[in-house]
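Notes follow once the structure below has been shown.
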Amino acid sequence: MQPCNYFKKAGFLFFTVAVSAALFSISSCSDKGSGSGGPGSLSGTQAATAGNNAAAPAKPVMASPEEAKAWAEKTLAGLSLERKIGQIICPDLAGGYIADDDPRMQQWIKLARDYGVGMFVFYGGTPRDVAHLLNRLQKEAAIPLLISADFEAGPGQQVTGATEFPADMAFAAAGSEDLMYRAASAAAVEGRAMGVHLTYTPVVDIAWRPENPAEGVRSFGGDIELLGRMVRAYVRGYHDNGMLTTAKHFPGRGDVEKMPGAPEWSWINKPAEAYEAQESAAFKMGVDAGVDFIMSEHIAVPSIAGGSDLPASVEKKLATDWIRGKLGFKGILTSDDLWYDHVVKRFGAEEVAIRAFEAGHDILLKPKDPAAVITAMAAAVKAGRISESRIDEAALKLLTLKARLNLHKNRFVDEARVGEFVGTAAHFALIQEAADKSLTMIKNDGVFPLAAGRTAKMVNIVVQKADPDPVPATLSAKLAAAFPGTQSFYLRPDMDPAVYDKAWKAAREADLVILSLFVPRNRQGDATPFRDADLKFINKVIAAKPKAVAAMTYGNPHLIRKIPDVGAFLIGYGERGWFGNQAVYFETFIKALKGEIKPAGKLPVKVSDKYPIGAGLSW
């Protein structure tokens, strides 16, 4: 596998790659005829089964910058104003099985075929369903579609059966650029096999304040040099395997607060010097790493925007002056979702798209009504509010990237071979390796290593923030299988208070008590949101058994601040929801209990003065 070679062309970064995995069927499914790769390139049965009966796959070779530029300029010249605008619109779609007569399918086809949208972002589905749907939409589009997805923890975050890694903070805890590179490479191989070209990652939001861990384990942490190393490895892994990357969420979501008087909006309330040294420096790491896109967020930074409380999504001082001028970014700037209710309420469903474009965005992500936005944008051009040359510039950037990926020659994937590349045993082994190498222990007062026989009488007390969470029961079953006789008790909002009495009796008689903590932070709120009754109970257990209680937190390292006397405190980096593979740490923790592995991770984020960045013990 050869490293990336970067070229400055048409004002943004390009890359060429050679990859070891063969993903695309060039000969049978390549676009022919018009040069724009239109639907006329396939016919009959061939069109109905695009990619299924192709010749042996070839490596995804990149087109030269010269070829890409020529194709993009020729294609752009043949587009109407409305079709040019369509190229910069990115609607969303669901990636699961969809019947042909489903109204959603008909709407997506209409957007691709009749409105000429240039991109889609998809959510959900299984690998083959995703590949089939994306091939279907590619067949309908006159110009190849650029397909995007949010692969924060890998494709498995979106696609059932694909590979889902622990969260970004896990890789920072492991501190291995090689591990980060291999995980990103695996994710890119899977993405391209399904027909995905762009991931809305990496997250470069830096976590500065322990009392405000706004992004939790989604962030690489608070060490900006470590973040830079991880981001460089991340981008290189994706690029070397044919996928584009995005730094998000500008101006930074790691230390945001609710805006006074407008709590539905967020801002970064710090002096310009602090912002530049922190959040801005993190995004500069992404730019220097070669990200292809930056995604803005609906966040204001008055200190660097002349006092403006407008969010980066519509504020030119942020979207253009800072990103282009200060950071030197020459790639594609995309908005975050434009359909959010509070965004539409403040600016208007079509007006926010126009304002985002005026602010400097090239791509308009998920407007409430894509067709209405195309009409409104065209009217703004005809009224002289937006110049057509600016539309041309944005569309040309996207078209050139499509050609660099060779989508103008082959936009389809081989559905029959998806299983060779997605969710493989090798990739699942990499998931476990990431969890094992990132397991972090920041306190150990005589608990580990466990003495022989200590797990014979073990009690597992689960503290969970949410009632409808099936994951803790899975952990309990695994603990019982690994250590027969283990009893589990669940402290949760809907529980019978009698559980406290039963758990107390079992804990007093146990040789080892495990506290399994499923208590994620409250976003822009309490970092350690234990319920008062639960906290009182577990501190009672800790006091009664000072060297016999081990806490394992699944996604929130800050919880130790509320249970400072616990005998041992271990951390896994997966949070319920979208933020990393949480369950993979069950096996990791069991292996640690058995003495098969030792914690080797280092804390990537400050928890307190006692537990700073870099804290980490072993035995």
Let me confirm one number: the [atom1]-[atom2] distance from [X] to [Y], rounded to the nearest 0.5 Å.
{"X": "Ile98", "Y": "His132", "atom1": "CD1", "atom2": "NE2", "result": "11.0 Å"}
{"X": "Asp392", "Y": "Leu76", "atom1": "CG", "atom2": "CG", "result": "5.0 Å"}
{"X": "Phe122", "Y": "Leu133", "atom1": "CZ", "atom2": "CG", "result": "9.0 Å"}
{"X": "Glu279", "Y": "Asp205", "atom1": "CD", "atom2": "CG", "result": "8.5 Å"}
{"X": "Glu276", "Y": "Lys284", "atom1": "CD", "atom2": "NZ", "result": "11.0 Å"}
{"X": "Met377", "Y": "Glu358", "atom1": "CE", "atom2": "CD", "result": "8.5 Å"}

message: Classify the ring geometry of Phe220 against Tyr234: parallel below 30°, tilted from 30° to 60°, perpendicular beyond 60°.
response: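 Geometry flag for Tyr234 against Phe220: perpendicular rings.
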Do you know which two heavy atoms are closest between [X] and [Y], and how far apart they sit?
{"X": "Ser280", "Y": "Leu327", "result": "OG-CD2, 3.5 Å"}
{"X": "Pro166", "Y": "Ala153", "result": "O-CB, 4.4 Å"}
{"X": "Ala359", "Y": "Thr320", "result": "O-OG1, 2.5 Å"}
{"X": "Val159", "Y": "Val130", "result": "CG2-CG2, 4.2 Å"}
{"X": "Ser296", "Y": "His361", "result": "OG-NE2, 2.7 Å"}
{"X": "Ile89", "Y": "Pro370", "result": "CG2-CB, 3.9 Å"}

message: Does Lys366, at its NZ atom, have more than 12 non-hydrogen atoms belonging to other residues, nucleotides or ligands within less than 6.0 Å?
response: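 Correct, the count exceeds 12.
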- prompt: Do other residues, nucleotides or ligands put more than 12 heavy atoms under 6.0 Å from the OH atom of Tyr115?
  reply: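 No, OH of Tyr115 has 12 or fewer neighbouring heavy atoms, counting only those of other groups under 6.0 Å.
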Between the side chain of [X] and the main-chain N/O of [Y], is any donor-acceptor distance below 3.5 Å?
{"X": "Glu190", "Y": "Val422", "value": "no"}
{"X": "Ser266", "Y": "Ile299", "value": "no"}
{"X": "Glu152", "Y": "Phe579", "value": "no"}
{"X": "Gln106", "Y": "Asp100", "value": "yes"}
{"X": "Arg113", "Y": "Ala141", "value": "no"}
{"X": "Asn581", "Y": "Glu164", "value": "yes"}
{"X": "Arg521", "Y": "Ala214", "value": "yes"}
{"X": "Asp292", "Y": "Thr245", "value": "yes"}

Using a strict 4.0 Å threshold on nitrogen-to-oxygen distance, state whether [X] and [Y] make a salt bridge.
{"X": "Asp336", "Y": "Lys248", "value": "no"}
{"X": "Arg346", "Y": "Asp309", "value": "yes"}
{"X": "Glu575", "Y": "Arg218", "value": "no"}
{"X": "Lys368", "Y": "Glu351", "value": "no"}

task: Go through the steps to decide whether Ile268 and Asp255 satisfy the test side-chain contact (heavy atoms from CB on, under 4.5 Å), and finish with yes or no.
output: CA-CA 7 Å; Ile268 298 174; Asp255 192 15; 5.7 Å; no
Would a 4.5 Å heavy-atom cut-off, applied to side chains only, mark [X] and [Y] as touching?
{"X": "Gln157", "Y": "Phe151", "result": "no"}
{"X": "Met295", "Y": "Leu365", "result": "yes"}
{"X": "Lys397", "Y": "Ile363", "result": "no"}
{"X": "Leu399", "Y": "Trp71", "result": "yes"}
{"X": "Thr201", "Y": "Asp150", "result": "yes"}
{"X": "Leu134", "Y": "Phe120", "result": "no"}
{"X": "Lys402", "Y": "His197", "result": "no"}
{"X": "Leu93", "Y": "Leu137", "result": "yes"}

query: Among all residues two or more places apart in sequence or in another chain, which pass the ring-ring contact (aromatic ring centres under 6.0 Å, His included) test with Phe293?
result: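 For Phe293, no residue satisfies ring-ring contact (aromatic ring centres under 6.0 Å, His included) once neighbours in sequence are set aside.
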message: According to ring-ring contact (aromatic ring centres under 6.0 Å, His included), who are the partners of Tyr275, at least two apart in sequence or on a separate chain?
response: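 Result, ring-ring contact (aromatic ring centres under 6.0 Å, His included) vs Tyr275: Trp322.
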field: Stepwise salt bridge (charged side-chain N to carboxylate O under 4.0 Å, His left out) check, Lys345 with Glu264
entry: CA-CA 11 Å; Lys345 180 180 179 181; Glu264 69 273 25; 5.9 Å; no
[X]: what forms a side chain to side chain contact (heavy atoms under 4.5 Å, CB included) with it, not counting sequence neighbours?
{"X": "Ala394", "answer": "Ile88, Phe357, Asp362, Arg390"}
{"X": "Pro529", "answer": "Lys465, Val519, Asn522, Asp526, Asn556"}
{"X": "Pro271", "answer": "Glu273, Ala274"}
{"X": "Asp114", "answer": "Lys110"}

State, without any angle test, whether [X] and [Y] hold a side-chain donor-acceptor pair at a distance under 3.5 Å.
{"X": "Trp339", "Y": "Asp337", "result": "yes"}
{"X": "Asn135", "Y": "Glu415", "result": "yes"}
{"X": "Thr528", "Y": "His558", "result": "no"}

- request: Check the pair Trp265 / Val343 against side-chain contact (heavy atoms from CB on, under 4.5 Å), numbers first and verdict last.
  value: CA-CA 9 Å; Trp265 292 91; Val343 173; 3.8 Å; yes
message: Show, in sequence, the C-alpha distance, side-chain angles and deciding distance for Leu146 and Leu244, and conclude whether the side-chain contact (heavy atoms from CB on, under 4.5 Å) test is met.
response: CA-CA 10 Å; Leu146 188 83; Leu244 308 173; 4.2 Å; yes
- prompt: After noting the C-alpha distance and the side-chain angles of Val231 and Leu227, does the key distance pass the side-chain contact (heavy atoms from CB on, under 4.5 Å) rule?
  reply: CA-CA 6 Å; Val231 168; Leu227 178 147; 3.9 Å; yes
